[in-house]
Amino acid sequence: YLSCGFLLSITPQAVHTLPILKTNPIDLYKPKVLEVFNVEVKAVVDLTVKEDGKVVDVEIVEFPYDKYDQSLLESLHNLEFIPAKVNSKPISVRYRMPILFKG
């Protein structure tokens, strides 16, 4: 089970269509602790979705397992989105994305 949400860093009236996540983060990365324990693991990341839906400039804001940060970062770069649009034109957006991994 996965939950994620978005907080945009641009003005709401400028965006006609928000980016839509096409790839489920849990398909790319599952915290090792979920394989052993039935717990929730929350990650908060800042990232940029480019005009082509690719992810760049990923930063981990919150994640309880420091030694797995690099694995999480690498997997997040493989996420794909349908990009945000203004007047039907794809735009780049930066936002904070919370992800809740559940065992």
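FYI, the numbering just counts along the sequence from 1.
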Would you give me the side-chain donor-acceptor pairs under 3.5 Å for residues 46-61, sequence neighbours excluded?
unit_1, atom_1, unit_2, atom_2, d
Asp46, OD1, Arg96, NE, 2.8
Asp46, OD2, Arg96, NH2, 3.1
Thr48, OG1, Arg94, NH1, 3.1
Asp52, OD1, Lys54, N, 3.0
Glu59, OE2, Arg94, NH2, 3.0

Exercise for review: For Lys22, check side chain to side chain contact (heavy atoms under 4.5 Å, CB included) against everything at least two apart and list the hits.
Suggested key: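 Residues passing side chain to side chain contact (heavy atoms under 4.5 Å, CB included) with Lys22: Glu80, Ile82.
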Residues 72-79 side chain polar contacts: donor-acceptor under 3.5 Å, at least two apart:
unit_1, atom_1, unit_2, atom_2, d
Glu74, OE2, Gln70, NE2, 3.4
Ser75, OG, Ser71, O, 3.4
Ser75, OG, Leu72, O, 2.8
His77, ND1, Leu73, O, 2.9
Asn78, ND2, Glu74, O, 3.3

Practice item. Output the distance between atom CD1 (Ile91) and atom NZ (Lys85), rounded to the nearest 0.5 Å. Key: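 Interatomic distance, Ile91 CD1 to Lys85 NZ, rounded to 0.5 Å: 11.0 Å.
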Check your understanding: Going by heavy atoms in the side chains, are Val45 and Phe63 under 4.5 Å from each other?
Key ->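 Result no, sub-4.5 Å side-chain heavy-atom pair not found.
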